Undergrad: 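First, the structure itself, so that you have it in front of you.
Residue numbering restarts at 1 for every chain, and letters A, B, ... go by the order of the sequence lines. Bear in mind the structure is a predicted one, so any value in this text is a computation, not a measurement.
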Amino acid sequence: MGGCLVYPPMLFCAGKDTRVASITPFQPKKIQLETFVRYVPLLLILLLFIIFSLTSTAFIKFRNLVEILQLSSIYLLLAAGETFPVLMGSIDLSIGGIIVASGVIAATIAPYGGIGTVVLILVIALLLGMLNGLIVAFLKLPSFIVTLATWFIYAGIAIALTEGYNINIRSNQFSNISNGRFIPGIPNLILWALLIYFLFVFLSEKTKMGRYIFAIGGKEDVAARMGINVGKYKIIAFSICGLLVGAGTLLLSSRLGMASARLGSSYLFNALIAVVLGGTALSGGVGGVRKTILGVLIITMMENGMNLSGVDIRVQYIVKAAILIAGVYVISIPDRSKQTIMK
Amino acid sequence: MYEKKSKIFFLFIACVLIVSGPSLFAGGEQEAEAAEGPEQMVTTYATMANDFFLTFDQGAREAVEALGNEYIAATDDRKPEKFISSMSSYAAAGVTMMSGYSPTIGSVVEATKLVNREKVYYSNVLEIADWWTPLDAGPYWGMFHFPDARAIGLQGGEVMAEALGGEGKTLLLLGFPGSKAGNDRGLGFKQTLEKYPGMEILAEEYGDFVRDKGYKITADWIIKYGDEISGIYCTNTSMAVGAAVACKEAGMKDVIIIGTDANKENMDYLKDGSIYAICGIYGPWLAGHAAVVAYDLRHGWEPTVAETMMSTGFILLTEDNCQWYIDTFCGDKLPYDWKKMSRTLNPDNWDPQNLMIPIYPPTFTNWEFVEKPKGYEVPEEYTEALEAGQYDEIRDLYRAHFVDHTVIPPSASAPYDKVYCSDNTSGGAAVVSTISK
Amino acid sequence: MASTSNTNNRLVKYLPFILLIAVSVFFGILYPTFFSIKNVFNLIRQMSFLMIVSMGMTFIILMGSIDASVGANVTFSGVIAALLGPVFGVWAVLFGVLAGALVGLLNGALVIKVKVPSFLVTLAIMGALDGAALLLMNSSPINIHDEGLLNFSNGTLLGNFPNVCLIPIIIVLVSYFIISQTAFGRSLYAIGGNEQATLYSGINVRFMQLIAFVISGATAGLAGCLQASMFEAACPYMGEDILMNAIAAVVIGGTQLSGGVGGPLRTVFGVVLIAVISSGMNFMGLEPATRQIVTGIIMILAVSVNIDRSKMAYVK
């Protein structure tokens, strides 16, 4: 049963060497350190697991572990989406806006949760992501400011449509997308999220598109000189981000039986933190979609475990900050010696 | 390299198994023992970062501890998915009693389905989804109760009209876009003002229930409308304080400012006259009473149909009775006898210690302007109960048991010596019932 | 090609002015009271916090870093000042500023010593400060009763000119002086332009970075004290909105996130533009949703006319 939690990280250990390792020159001593560092997210998960098992009897229960995975599923899709622009060295701050706008627009047009609602959420999210990409690529503006602005715009649209009210989608069929169970005890939400996630891990690692995105993140001018159509791949990366956020929105709305019209910034920050804790650098070119899942598990385990252990929410903010800084510090150890620029 | 990796996996799995194994086996035993000794009771609310919820937490904690149980606060940062997720986790942990506030009205539907799925006794306050009653969700959702938002606004409007002698231009500060409570209070205020031909609303704006927004918006209004402004109605008191500070700075001391929900820190401004009146909704009482209801449900009490939704009392505070309020409710301990509220502990002489009147869903103020979802009808049981006279019966029962009058302001503060409560037990439109000492 | 880029540059240089004048004229015609003395003072009051914080942020962005903790720092320092108000009166402001500066020092130290990107460090510190501020104020506003501290914003040091308008002006002048007249200021441009090269040139880059973060922290602290004094209380999350507005003001003014281009005077225009537009939208009585959409569109427009693409190797 505990296997439930162990399974996804295990897959990752079995995976191939990551990029960080492959580009560092061979030095016996270094490799040991790097091997250690590569397992830091895993060790952190293990450590959190042990600590929370001791502080809360509820934490270790099978259904709570399923609950952690359910919560992780939604963040997994958001964070996986966010990984694509971050790998290019860009950033998408608008994912909270995409969630509310796609959910609310779809629920306004098709409120009864049929196949129409599903398709609309995905298509609208894809288009909103693409719009980000188009503005970045054609107006040649920094993604930071573009997506900050579109975050305002998308969130504004959602509130304008519903006056800020969430729209309930009362359909068992729609609710079953997330809450149904193909496997007894495991909500479908988890299966869908893993399926979509692995599809995009594959796309990012085995296709030309994936490699180009890495290349752009590594050195954009070099990539351009190599003849890569940088603008095109930027649009693609932002569109994928939109699509994955749309998939997350779909599962979230199905789970909650409603389309949310107002969200705070915590979705964005948690997704970003998950990406970085997983080992993808904000400067781009390092890391990968496959690593993001570890960051997501750390975040959701931390939240769930601290809640169940009765840690004051205000203290939780402080603990989270400390873990984030420490985590990023350790993860970036192998690159530290090469790093001269600090932004 | 590869071997090293598999070693690490193995270690990882082994560690997980070592840690999880014993506790998993232990889990079963613990559940069997659960009936003995204190049980855990969960109260949900939005955030500690807010003075309303801080006192809300105090009420729930006192009630749970008075009942001899262990208190757990589950905050959700106003995020529906965190709210649902923590309810689900605690249900998994074997908690059988939950109560509290939900971050959005929409999330009430999923929460109440969840408690019925997980067999958790549940009672909630303040926010309810549109056209969604406890009978729709199932028996584990025992009671929804709240001080009627529309009635609060209506009463606020009356106070404003009276203070201004029926003539004047006013402004309206709403809460979040999408906050039902904020919008309905505003709606009630507007409805009252329509009765007075001399009263007018110059503008309305969302102030997100926070002081700094209340301040900024009021400062802008003062520039735009200047001396035209004679009153500002705020759907919570944090914003009212912001408005009061802005008016004071602009030298506009005569503006009538009215706020909603009374906390210790805000009472200073009522005392020195910068806020004219505050509507007190007894948040801590709500939180504690909801916990007591969950406890009663767990111990075999079954609500009648009329009791599944109830409207609760609120008061109006002015300079005259604010000292009474501070002395009675702002101490380290709340003045309620929580155990006495319990129907199961005191089957004959239970006392809600506040005015409570059942809500008849088909004419519930919250849903008056909301279209029913396609195919939805309010469960027939409600109409049958009304026709069988159950609503009058329950209203009279709760009135008769309301013996401890701590929440009623002293008669010296007339006309504000009453507890107000919305009442639609006639089956028609809601009216405001009052009770005084 | 060269001539078009020249005219382009000249156009770019004046675009913030043109945009500002256009917007002001628009609201001035629509609402005659918009430029009454009262509203101009009101505008200055409302932009005062943003102006102060944006000045600090300009130092950071010029180096190509970012400080995401300023909003939480405003709240945190405000709480410190409000807590110490009863003891120290107006001098509590010093402690507020000091608290802000220490937060800046912590940010800077983490960036240069622990070598974590500033975006992440300050994002994490933002969360920690929010938690710490809430713990300190026990989740509810701390009212300020001390006359001295209240007079910090509402009093007048200079004739009839309220402090809340005077302080941001002083901060702008000081920032302008530091950035344009000192070696420290010049090194900020150098770091933002090419950090690697600056390192080789012998400038103590790390120390300069540290100082910039301390300055940003101190300005956030000052803004927090001013805000608390003006609201007569330190409130939970009172600085929350400032972060995004400050970044937007700096970038709309024409300082680039990649660093090395821009300056404090440009930021002044960014702040004024944001303040005029937001006050104007209040006058129009726009719904918050519409206001958000308009703000977003204006941000994209302003940045797309303001940005100097010739100095950008590539766009991230």
Undergrad: Of the backbone (N, CA, C, O) and the side chain (C-beta and beyond), which part of Leu324(A) lies under 4.5 Å from a heavy atom of chain C, both, or neither?
TA: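 Answer is side chain: those atoms of Leu324(A) sit under 4.5 Å from chain C.
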Undergrad: What is the distance from atom CD1 of Ile313(A) to atom CG of Leu134(C), rounded to the nearest 0.5 Å?
TA: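 Reported to 0.5 Å precision, the distance equals 10.0 Å.
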Undergrad: Could you report the tightest heavy-atom contact between Phe269(A) and Met126(C), atom names first, then the distance?
TA: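 Taking every non-hydrogen atom into account, CE1-CE, 3.6 Å.
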Undergrad: Locate the shortest heavy-atom distance separating Gln292(C) from Phe152(A); write the atom from each residue and the value.
TA: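 Looking at all heavy atoms of both residues, the closest pair is OE1-O, 3.1 Å.
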Undergrad: What part of Asp67(C) is in contact with chain A, defined as an atom under 4.5 angstrom from a non-hydrogen atom: side chain, backbone, both or neither?
TA: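 Nothing of Asp67(C), per the 4.5 Å heavy-atom cut-off to chain A.
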Undergrad: What part of Ala155(A) is in contact with chain C, defined as an atom under 4.5 angstrom from a non-hydrogen atom: side chain, backbone, both or neither?
TA: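 Ala155(A) touches chain C through backbone and side-chain heavy atoms alike.
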Undergrad: Please assess Leu139(A) against Ile300(C) for the test side-chain contact (heavy atoms from CB on, under 4.5 Å), listing each intermediate value before the final yes or no.
TA: CA-CA 9 Å; Leu139(A) 293 183; Ile300(C) 294 185; 4.3 Å; yes
Undergrad: Against chain C, work out which of Val146(A), Ile159(A), Leu148(A) has the most heavy-atom pairs shorter than 4.5 Å and name it.
TA: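 Of Val146(A), Ile159(A), Leu148(A), Leu148(A) has the most heavy-atom pairs under 4.5 Å with chain C.
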Undergrad: Less than 4.5 Å apart, any side-chain heavy atom of Leu129(C) and any of Ile318(A)?
TA: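 Result no, sub-4.5 Å side-chain heavy-atom pair not found.
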Undergrad: Measuring heavy-atom distances to chain C, does Leu161(A) have an atom under 4.5 Å in its side chain, in its backbone, in both, or in neither?
TA: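 Neither; nothing under 4.5 Å.
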Undergrad: Does the side chain of Arg314(A) reach to within under 4.5 Å of the side chain of Asn138(C), using non-hydrogen atoms?
TA: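 They are in side-chain contact.
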Undergrad: Quick check on the interface: out of Pro288(C), Gly127(C), Gly131(C), who has the most heavy-atom pairs with chain A under 4.5 Å?
TA: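 Heavy-atom pairs under 4.5 Å are most numerous for Gly131(C).
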Undergrad: Where do Asp130(C) and Tyr317(A) come nearest, in terms of heavy atoms and distance?
TA: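 What the structure gives for the nearest pair is C-CD1, 4.3 Å.
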Undergrad: With a 4.5 angstrom heavy-atom cut-off, which part of Leu123(C) approaches chain A: side chain, backbone, both or neither?
TA: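 Side chain of Leu123(C) only, per the 4.5 Å heavy-atom cut-off to chain A.
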Undergrad: Quick one: closest heavy-atom pair of Ile325(A) and Ala124(C), and the distance?
TA: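 Heavy atoms only, the tightest pair is CG1-CB, 3.7 Å.
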Undergrad: Return the CD1 to OG distance between Ile145(A) and Ser304(C), rounded to the nearest 0.5 Å.
TA: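 The CD1 atom of Ile145(A) sits 11.0 Å away from the OG atom of Ser304(C).
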Undergrad: What part of Leu272(A) gets closer than 4.5 Å to chain C, counting heavy atoms only: side chain, backbone, both or neither?
TA: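 Contact with chain C: side chain only.
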Undergrad: Non-hydrogen atoms of chain A under 4.5 Å away: do they reach the side chain of Leu120(C), the backbone, both or neither?
TA: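 Contact with chain A is through both the backbone and side chain of Leu120(C).
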Undergrad: Does some side-chain heavy atom of Phe144(A) sit less than 4.5 Å from a side-chain heavy atom of Val251(C)?
TA: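 No, side chains not in contact.
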Undergrad: Which atoms form the tightest heavy-atom contact between Ile157(A) and Ile293(C), and what is the distance?
TA: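 Taking Ile157(A) first and Ile293(C) second, the nearest heavy atoms are N-CD1, 3.6 Å.
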Undergrad: What part of Ile297(C) gets within 4.5 angstrom of chain A, counting heavy atoms only: side chain, backbone, both, or neither?
TA: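 Interface part for Ile297(C): both.
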Undergrad: Between Leu110(C) and chain A, which part of the residue has a heavy atom less than 4.5 Å away: side chain, backbone, both or neither?
TA: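 Contact with chain A involves the side chain of Leu110(C) alone.
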Undergrad: Taking all non-hydrogen atoms of both residues, which atom of Ala321(A) and which atom of Ala128(C) are closest, and how far apart?
TA: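 For Ala321(A) and Ala128(C), the tightest heavy-atom pair comes out as CB-CB, 3.6 Å.
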